[in-house]
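Each remark here refers to the structure printed beneath this line.
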2 protein chains.
Amino acid sequence: MKGIRQLAKKLDISIGTVSRALNGKPDVNEQTRQRVLDAAAAMGYVPNQAGRALRKGTTGVVGFMMQSGSQITGEGDVFFMSVFDGVQIVCARHKLDLVVLLCSSEDDPDAYLQRVVDRGFVDGLIISATKRHDHRIDFLSQRGVPFIALGRSLTDVGHPWLDLDFEGMAETGVDRLVAKGHRRIGIFAPMDDTNLGYIFIDHYRAALERHGIAFDPDLIFRAHPNDRGGHQIGERIAAMPPETRPTAFILTNEMMTVGLYRGLADSGLHPGKDFAVMGRDSPQAHYLTPKLTCFRLSLRDLGITLAESLLATMPEFAADYPLGVVRKVLPLELIEGDSDCPAPPSA
Amino acid sequence: MKGIRQLAKKLDISIGTVSRALNGKPDVNEQTRQRVLDAAAAMGYVPNQAGRALRKGTTGVVGFMMQSGSQITGEGDVFFMSVFDGVQIVCARHKLDLVVLLCSSEDDPDAYLQRVVDRGFVDGLIISATKRHDHRIDFLSQRGVPFIALGRSLTDVGHPWLDLDFEGMAETGVDRLVAKGHRRIGIFAPMDDTNLGYIFIDHYRAALERHGIAFDPDLIFRAHPNDRGGHQIGERIAAMPPETRPTAFILTNEMMTVGLYRGLADSGLHPGKDFAVMGRDSPQAHYLTPKLTCFRLSLRDLGITLAESLLATMPEFAADYPLGVVRKVLPLELIEGDSDCPAPPSA
DNA sequence: CATAGCATCGTAAACGTTTACGGGACATGC
DNA sequence: GCATGTCCCGTAAACGTTTACGATGCTATG
């Protein structure tokens, strides 16, 4: 005999009572409850996940889905690891377990997601790196699985999402650089159709036009969102003739900064001296010379907000988080450094 | 009616046959099996995880446990993300799902592990960042949960483990630096009692003595295994009087290199010019100047080996991986760069 | 004293699957 | 024609929980 039955026999009470005692149901004598709790602790009893999930139809697990291809080896690293910590904190409050679901680079994300959902693995889901048109959103909403997207998408079913304020970043960045005399400002864009690329480009363009500067598609540099990509951009910029070359650059991705610095330097340009760089805050950014002028957001807080917004859509927890359907852009704080030098007089 | 029952009714056969057909059991007519498979695909049937797990006593999930405190925000990033990819590849072969279990910085690792195991969450487990004395190993082995440790430990119950060849790294590193005239070689050691620290120090010491160089405890630099830690070490080194200051440094951790370079440079020392650095290969390492002389290992392959060695201990899969109990040190390849300059003549 | 109400607990069904067991149909061998 | 074997399939039990329902004993109320 195992599990709750064994516990019940030992205490000479019914398994129903044991279960109620453990789950904090009201109709059980406080004294009995204590006996049960003590005995459970003594023999190290822990309810079996499968049995409970089968009966309750709920698993107590929330999943954070990532594609290992683009994200993990690219932007993923530092960014997500910090976000997890925040999510975790909220989950722990409700005895929820967070698991990270890695969709391998060889798997089809949509198929992978469907399997996870159909098997009833998780009660709620966080998806990230939303595409411009994201099939996952349709699927999850149609299936009725509670979820939240980290990142916006044109696929909008009124679902909850959270995103960084890339438009603010584009506009503040352009304003600041233009004020320092820059007219040719390069920006990064992802290779895939991650939605943030479109958002950023749109507002970058709008900000330029506000200043009466013509939009030049050659100043959009596509690359992978990692160190190597940053390096390549640096080299490409340095290889351009000075009269068409940008004099400044805005990076939306934190992993690329070190690479960009080095790519520029290797090719004879000096960030903060004759080339301006603005980027995203990150651990590495603190150790760059010159100090990076960047946009900051507490990723841990982002994780907390993300989790709370997800729980707000889950029936069991909605009462604790009366937030409604969260669709929010989180502002970034500008940290002034020394990397956004004025435009060289020649330009 | 739901699930397998619905499917059975639709095909007008028993649920037993449906289950057998789906699970590839032999005693079912091939024609019937096809009908079942087709119908299942048509209506998008996927077996319920809880029901299956409850009956079979097995979940089809392997877990990779990480502590978010030290690992994720520190060494974790690049290192683990690549390892996951390899593990994933092997898991996919057997329709196993890999989930990453994050033990939050506020959770007790032992308690967290126990909860995961007791609830029957996973069929197998990978644990990492083994401590010198690691309670998790005792626990898992006593519980009979298939697992493998990434990293050695003095806690040895004959369990499987895999580890990097830190002793080889220490000896090759010291040999090479001594051959270039260095006598004071600094090394990094982690702040906690992660076992690799002890292993590395022991062999570093042995290698020194082999060359007739006295061991100097002041040349061991403790720090957190991340960028910031590397930076701090660089600053500390630069602040030392030239006559006691090391002239070379070996890093076991890949995340620290950028920080160390910068810490040194900020304080007037020049890696590859008047100070030698050896480290671990990483994406960032490729973009450092001077190019880092480093030790390389394919982390993807490490992940593959890790997963295969784990499966070798799981009854269901052991037949496919006749490896026995794997306890192996994986060699590192030396990549020659320009960062390990000869000792300055003054020293 | 009768009744209602409350606190506490036991009983048993249900969740969705897998699988041991047995049975029917049919072929084969003698 | 009988025994034997094979192939396929249906039946039902089991996995470990949770929870609706009903039963019991006690208290309070009239």
Side-chain angles (χ1 to χ4, degrees), chain A residues 1-37 39-40 43-61 95 97 115 117-123 315-316, chain B residues 1-37 39-40 43-61 95 115-123 315-316:
Chain A
M1 183 159 358
K2 287 171 52 183
I4 203 173
R5 245 173 208 94
Q6 181 185 359
L7 196 61
K9 196 190 61 184
K10 180 166 175 172
L11 291 169
D12 199 39
I13 54 182
S14 80
I15 61 168
T17 305
V18 173
S19 175
R20 280 189 295 265
L22 292 173
N23 291 22
K25 301 286 176 181
D27 50 352
V28 45
N29 188 306
E30 269 316 314
Q31 182 187 334
T32 356
R33 186 195 305 279
Q34 262 316 319
R35 280 181 57 216
V36 173
L37 256 34
M43 62 196 305
Y45 168 80
V46 176
N48 174 284
Q49 168 70 5
R52 168 190 295 233
L54 181 57
R55 168 65 219 224
K56 301 219 322 180
T58 186
T59 63
V61 175
K95 297 192 183 308
D97 282 316
R115 246 186 57 224
V117 169
D118 282 333
R119 293 178 65 177
F121 221 88
V122 296
D123 291 344
E316 306 181 54
Chain B
M1 185 161 355
K2 285 172 56 182
I4 204 174
R5 239 173 275 275
Q6 180 186 0
L7 197 61
K9 197 190 62 184
K10 180 166 175 170
L11 292 169
D12 199 39
I13 54 183
S14 80
I15 62 168
T17 305
V18 173
S19 175
R20 280 188 295 265
L22 292 173
N23 290 24
K25 301 285 175 182
D27 51 350
V28 45
N29 187 306
E30 268 315 315
Q31 183 186 335
T32 339
R33 186 193 305 278
Q34 263 315 321
R35 279 181 57 216
V36 173
L37 256 36
M43 62 196 305
Y45 168 78
V46 176
N48 175 284
Q49 168 70 2
R52 169 189 293 232
L54 180 56
R55 169 63 219 224
K56 302 222 315 181
T58 184
T59 62
V61 175
K95 298 192 183 306
R115 245 186 58 221
V116 168
V117 169
D118 282 333
R119 293 178 64 175
F121 220 87
V122 295
D123 292 344
E316 308 180 53

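Below, all heavy atoms of this structure are taken into account, side chains as well, without hydrogens, waters or symmetry copies.
- For C:dT17, the OP1/OP2 oxygens have no side-chain nitrogen or oxygen of B:Lys56 closer than 4.0 Å.
- Without hydrogens or angle criteria, B:Asn29 side chain to B:Gln31 main chain gives a donor-acceptor distance under 3.5 Å.
- Direction of the helix axis in the helix from C:dC1-D:dG30 to C:dC30-D:dG1 shifts by 50° between the two five-pair termini, rounded to 10°.
- If you measure from atom CD of B:Gln49 to atom P of C:dT18, you get 11 Å, rounded to the nearest angstrom.
- The NZ atom of A:Lys25 sits 8 Å away from the C1' atom of D:dT18 (whole-angstrom rounding).
- Considering only side-chain N and O atoms, B:Arg52 lies nowhere under 4.0 angstrom from the phosphate OP1 or OP2 of C:dG16.
- Using modelled atom types, one side-chain atom of B:Arg35 and one backbone atom of B:Leu11 make a donor-acceptor pair closer than 3.5 Å.
- At the phosphate of C:dG16, neither OP1 nor OP2 sits under 4.0 Å from any side-chain N or O atom of B:Tyr45.
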Task: Sugar-phosphate or base contact per nucleotide [nucleotides 5-14 of chain C; S, B, -; heavy atom under 4.0 Å] - done: ---BBBB-BB
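- Taking A:Arg119 as the reference, A:Arg115, B:Val46, B:Gln49, B:Asp97 meet the side-chain contact (heavy atoms from CB on, under 4.5 Å) condition, with sequence neighbours excluded.
- Counting heavy atoms from C-beta outward, B:Thr17 and B:Arg20 have side chains that approach closer than 4.5 Å.
- Using a 4.5 Å cut-off on side-chain heavy atoms (C-beta onward), A:Val61 and A:Asp123 make no contact.
- Residue A:Asn23 places at least one side-chain N or O closer than 4.0 Å to OP1 or OP2 of D:dT18.
- Taking atom CG of B:Asp118 as the reference point, atom P of D:dT17 lies 11 Å away to the nearest angstrom.
- Remark: P of C:dT18 and CG of A:Leu54 are 12 Å apart, rounded to the nearest angstrom.
- Atom OG1 in B:Thr58 sits 9.5 Å away from atom CZ in B:Arg52 (nearest 0.5 Å).
- Within the 3.5 Å criterion, the main-chain N or O of B:Ala53 finds no donor-acceptor partner in the side chain of B:Thr59.
- Atom-to-atom, CG of B:Asn48 to C1' of D:dG16 comes out at 14 Å; the value is rounded to the nearest Å.
- As rounded to whole Å, 13 Å separates atom C1' of C:dT17 from atom CG of B:Leu7.
- Scanning both residues, B:Ala21 and B:Leu37, for their nearest heavy atoms gives O-CD1, 4.1 Å.
- Atom-to-atom, CD of B:Gln6 to P of C:dT17 comes out at 10 Å; the value is rounded to the nearest Å.
- Under 4.0 angstrom from either OP1 or OP2 of C:dC15 there lies no side-chain N or O belonging to B:Lys2.
- Looking only at distances, a side-chain donor or acceptor of A:Asn48 sits under 3.5 Å from a matching main-chain atom of A:Ala50.
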